[in-house]
Amino acid sequence: MRALIAGGGGHDRLVVIPRIRGGRLIRRTYALLIAVAVTIVMFHEVSSQFGHVHVGPHTPGLTVHAEDVVWALPAIALGAASGAVLLVASGSRAGHSVLARLRIPGLGRDSRAGSNGLAWGAIGVLGVHFTGAAFDVLPGGHSTAAMVVGGLLGFGTFRLHRHSIEHEAYRTFNLIAMLLAAGSLASMSITPTGEWWTRNFSTLGTSDDVAAACFNIAVVVSGAGMAGMSASLTRALTAPRFGMRRGGLLTMRALIVIIGVSLMGVGLVPIDGDTDLHNLAALAAAASFAVLCVGVQLWASRMPRPLVIASYLSIAIEVAAMVAYDSLGLFNLTVFEVVAFALVFAWLIALVAITHAAIEAPDAAHRRHLVPSRRSPHPGATREAVVRRARPASRGEPSRPRVRRASRPAHRSGALRDVQRALRRGSDGQDEPADPG
């Protein structure tokens, strides 16, 4: 993206502002897939309440009666509305300028951040809703857990979106993460695998039906998006203030690509197909993420402190979850996989939000890319005049306005000097005539 910068003396220059190639098309694609997932979830919920849709451990697949198809209309409408809202919440400033001409409300920073937070909050509530039996052991049951998870997730993503809304890489990757969550929800809502959470998260992709397709496609497309955005996610680290070491940027991008490709392998090879290959892909993703976090201070000498803390904290949480699952048996493999997925996406979002924070001034986005440069001195000005003009006033002394005297014509000033000279001579008596007597 090129911006015209006005310079002094009639000289302008072009400044290249980094922008993701095809970022708008990528966001539209992911918003469309999220809308499809929302439509599936809404159709299941509406038809389950008012129709005869059956899905469960003893049902071979989603069973829909002919009269229940009517509930697809409100589900499609809700899905389309969700996709449109996400496009607005993740849109660029150029796209919003077009909508502003149509006088469409809800284009402000708070409205867009609130829409994003509401979407993530709904994902948290529905995630607990579809796995309610797993939370019944907690105080208050799954209802309290849904309110807590949805509230924390919604408020956190609202603040994050409001803070990072100007960063195109964040807006795009936010939709990538949301697609994985929405696709998993669609699979949870219609899966015939029963209490899949008692086994592992990958069980959602083993039913060989629409539910498995929702999960596997979401994982594959999200992994592809992560791998494709490796350069965009780390672009801000090229700034000199981070002190990137030789080979550090390339290593970070390679590790992010490995994580994305490994996620694609998890979706392409279900766990019931080739268990060893599926587990190898999952292990490669976890190991690459661990190396990325542990070596956070090796890639750059002045990495932001919040990102360093987030990296070490992510490793501590992942190790604690592994010990709690493998050694102590406090929870099953599903919880560990959910924690691992969440840590990867949360860390990458934090990477973008933290490293891109100081690239642009808060009001730079409102200047229409036309920034006047410092005025150059006049070509005929002397060095003393330039220094006098640039010299600041002494501290505590108010600046005085410069008064310019009007120039007088040359012939008038010369006549005045002659009159003054004659008056002086007359007063001295030199030019008076002699007395005849």
Side-chain angles (χ1 to χ4, degrees), residues 1 3 15-21 23 26 156-157 159-177 222-263 283-322 339-362 364-365:
M1 178 180 179
V15 176
V16 178
I17 300 176
R19 189 177 69 175
I20 303 174
R21 292 184 177 179
I26 294 175
T157 52
R159 294 292 301 272
L160 177 63
H161 202 76
R162 192 177 186 277
H163 172 73
S164 307
I165 199 170
E166 298 297 337
H167 311 320
E168 187 173 5
Y170 160 76
R171 296 196 309 269
T172 304
F173 192 74
N174 178 62
L175 291 180
I176 293 177
S222 298
M226 180 187 298
M229 287 192 64
S230 60
S232 300
L233 294 173
T234 57
R235 180 176 288 122
L237 292 174
T238 58
R241 68 179 183 275
F242 295 116
M244 182 61 63
R245 294 188 172 93
R246 179 177 299 180
L249 185 63
L250 182 61
T251 303
M252 292 185 67
R253 291 177 176 176
L255 290 172
I256 294 175
V257 170
I258 294 175
I259 296 173
V261 173
S262 299
L263 289 180
L283 181 61
S288 300
F289 177 67
V291 173
L292 189 63
C293 291
V294 170
V296 65
Q297 291 183 298
L298 297 178
W299 319 131
S301 60
R302 295 186 297 273
M303 194 69 80
R305 183 177 298 273
L307 184 61
V308 174
I309 296 175
S311 301
Y312 293 152
L313 184 61
S314 298
I315 289 297
I317 294 175
E318 188 171 8
V319 171
M322 182 178 294
V339 171
F341 273 109
L343 285 176
V344 171
F345 282 88
W347 188 87
L348 289 175
I349 290 177
L351 170 67
V352 177
I354 294 174
T355 58
H356 285 68
I359 289 183
E360 297 180 358

[Y] backbone acceptor or donor facing [X] side chain under 3.5 Å:
X: Ser288; Y: Ile258; result: no
X: Thr234; Y: Ser230; result: yes
X: Trp299; Y: Leu250; result: no
X: Thr238; Y: Arg235; result: yes
X: Arg253; Y: Ala227; result: no

Derivation of the side chain to side chain contact (heavy atoms under 4.5 Å, CB included) call for Leu351 and Leu237:
CA-CA 10 Å; Leu351 170 67; Leu237 292 174; 4.3 Å; yes
Side-chain heavy atoms of [X] within contact of [Y], under 4.5 Å:
X: Phe242; Y: Pro304; value: yes
X: Ser311; Y: Trp347; value: yes
X: Phe289; Y: Leu255; value: no
X: Tyr170; Y: Ile349; value: yes
X: Ser232; Y: Phe173; value: no
X: Met229; Y: Leu348; value: no
X: Leu175; Y: Arg171; value: no

From [X] [atom1] over to [Y] [atom2], what is the distance, rounded to the nearest 0.5 angstrom?
X: Met322; Y: Ile317; atom1: CE; atom2: CD1; value: 13.5 Å
X: Leu233; Y: His167; atom1: CG; atom2: NE2; value: 13.0 Å
X: Cys293; Y: Ile315; atom1: SG; atom2: CD1; value: 4.5 Å
X: Ile26; Y: Glu168; atom1: CD1; atom2: CD; value: 8.5 Å
X: Thr251; Y: Leu292; atom1: OG1; atom2: CG; value: 10.0 Å

Shortest non-hydrogen contact from [X] to [Y]?
X: Phe341; Y: Leu263; answer: CE2-CD2, 3.4 Å
X: Arg241; Y: Thr355; answer: NH2-O, 3.2 Å
X: Ile176; Y: Ser222; answer: O-OG, 3.3 Å
X: Ala353; Y: Leu160; answer: CB-CD1, 3.8 Å
X: Pro240; Y: Arg302; answer: O-NH2, 2.6 Å

For Arg245, look at atom CZ and say whether over 12 heavy atoms of other residues, nucleotides or ligands are found less than 6.0 Å away.
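Yes, the 6.0 Å shell around CZ holds more than 12 heavy atoms from other groups.
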